[in-house]
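As the structure lists them, so they are numbered: ligands from 1, and atoms in each ligand from 1.
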Amino acid sequence: MDFPFEPFKIKVVEPLRSTTREERDRIIKEAGFNLFNIPADSILVDLLTDSGTSAMSDNQWAGLMVGDESYAGSRNYFNFEAAVREIFGFRHIIPTHQGRMAENLLFSVVLKPGDLVPNNTHFDTTRANVQHNGGMAVDLLNPAGRDPHTEQPFKGNMDVQALEDLIQKHGRGKIPLVMMTITNNSAGGQPVSMANIRETREVCQRHGIPMFFDACRFAENCFFIKDREPGYANRSILEIAQELFSYGDGCTMSAKKDGLVNIGGFLATNNADWAGRVTNLLILIEGFPTYGGLAGRDLEAMARGFREVLNEDYLRFRVGQIRYLGQQLDRAGVPIIKPTGGHAVYLNARDFLPHIPQYQFPGQALAVALYREAGIRSVEIGSLMFAQRDPETGETTYPDLELVRLAVPRRVYTSMHMSYVAEAIISIYKRREQITGLRIVHESPYLRHFTAQLEEV
Ligand code: P70
């Protein structure tokens, strides 16, 4: 097993609180079997998300002290803009408080009702923002990505032929842009290859359709390109990122992931008309264009985070820590998506709990069991998050994959924490027949997984 070495030492610590099994049984019932409703103080290892949960470096914390809180033209905005321009290269850079605001602004401006947005795979907020603006979110994941049992280096890739067919069928007039999510979160945190990005670019260019990146985890994706794709072993992560983004016309970014910050994001585009319309809307709903819903100090932390995240020792550790957790589970026969992705290990809940049908939410049942067993919080990425009921026929379509994601915050947990998590999951796996399914007792019309209430069947 490759042992992931933490390329940092610990200067500030935050205590964790243990709970008893009885306490956790009570807490999970009170939370309506929804892990979003559990107070974080009652969680031992929190793998709900890698978003906004990073530990900042001493350099970033120092940056907070040089925050300039001027309403307009803060120096931190210019530092942020310079970092983003160097890595991403786009002409217009518009800060937002997080990724979904960048999505909301973009889709508010570019979509008209009935439009289609193809993506290798939309994440939940992206899909919801497309739909909220009258568009249809179309996932065009390559077939290997949909198969949890095949191991390939770039399972996040776009199905380029399917993209071509979609454009042929509906015409460019219905497709204002194509999105590419790097890494592909909903498909297991799997990377997209540079070759696939180039091919997708070629199709877009031929039809005159702009290509945008959902760039949340771009540095992890670039590390995989360096590690796995011929021709990139001797290129720096910065150079790889610069090449990658040179194929796009813009991006949305949640800096809460590879910005190594607790809050922040941006929208970038080369299209001056779109940038102008987005900026008007930004001022109306988010803030002035040189702060975009953030404090000056947040912009400084982001500027420094973007430079730090390109460090190869850090990325090797990051990807290695995820692989290390995955290897321990795999050796014990626990079904996971392979190879492991950049930010999380994904348990295959259909294989883990074959006795629970999809309409009884096997992923959520497994996530609940993990909290009860060991105080670990994970998140379901399956039917609770993605099943769609047709309002006319009342019929429900279920997603191909029924996953539980163990998302690892950046620079927060040690490899010993990972071993604790692996042991807990292995012990649940040994008595998996005892786990029962769940049913929904309350749900909301958008993004229901955040607030749904459930009960045991
Ligand atoms: C996650 C969080 C956010 C995200 C993303 C991609 C590929 C855009 C966004 C939105 C969301 C989440 C999910 C479950 C539990 C907690 C949080 N992903 N695109 O963990 O960015 O959150 O800044 O608005 O992954 O994957 P933002």
Can you tell me the protein heavy atom closest to atom 23 (O) of ligand 1 and the distance?
Ser254 OG, 2.6 Å

Output field: ring centroids Tyr247/Phe213 closer than 6.0 Å
no

Provide, to 0.1 Å, the distance between atom 27 (P) of ligand 1 and the closest protein heavy atom, together with that atom's residue and name.
Gln98 NE2, 3.3 Å

Out of curiosity, is Ala407 lining ligand 1, as in a heavy atom under 4.0 Å away?
no

Can you spot which of Glu402, His449, Gln360, Gln364 makes a side chain to side chain donor-acceptor pair (under 3.5 Å) with Ser383?
Glu402

Heavy-atom distances under 4.0 Å decide this one: backbone, side chain, both or neither, for Arg100 against ligand 1?
both

At less than 4.0 angstrom from any non-hydrogen atom of Arg405, what atoms of ligand 1 do you find?
1 (C), 13 (C), 14 (C), 20 (O), 26 (O)

Nearest non-hydrogen protein atom, atom 8 (C) of ligand 1:
Glu103 OE2, 3.0 Å

Among all the protein's non-hydrogen atoms, which is closest to atom 7 (C) of ligand 1, and how far away is it?
Asp214 OD2, 3.4 Å

Checking side-chain polar atoms at under 3.5 Å, does Asp25 have a donor or acceptor matched by the opposite partner on Tyr371?
no

Which protein heavy atom lies closest to atom 4 (C) of ligand 1, and at what distance to 0.1 Å?
Lys257 NZ, 3.2 Å

Name the closest protein heavy atom to atom 11 (C) of ligand 1, giving the residue it belongs to and the distance to 0.1 Å.
Phe123 CE2, 3.7 Å

Going through the distances and angles, do Glu373 and Arg24 end up as a salt bridge (charged side-chain N to carboxylate O under 4.0 Å, His left out)?
CA-CA 8 Å; Glu373 175 74 18; Arg24 292 195 294 275; over 6 Å; no

From the list Phe80, Tyr77, Tyr71, ring pair (Phe, Tyr, Trp, His ring centres under 6.0 Å) with Tyr291 holds only for Tyr71

Just need the protein heavy atom nearest to atom 9 (C) of ligand 1, so name the residue and atom and give the distance.
Thr125 OG1, 3.5 Å

Considering both backbone and side-chain atoms of Arg217, is one of its nitrogen or oxygen atoms within less than 3.5 Å of a nitrogen or oxygen in ligand 1?
yes

Shortest protein contact, atom 25 (O) of ligand 1 (heavy atom only)
Asn185 ND2, 2.8 Å

May I ask you to decide whether Glu308 forms a salt bridge with Arg304, counting only side-chain N to carboxylate O separations under 4.0 Å?
no

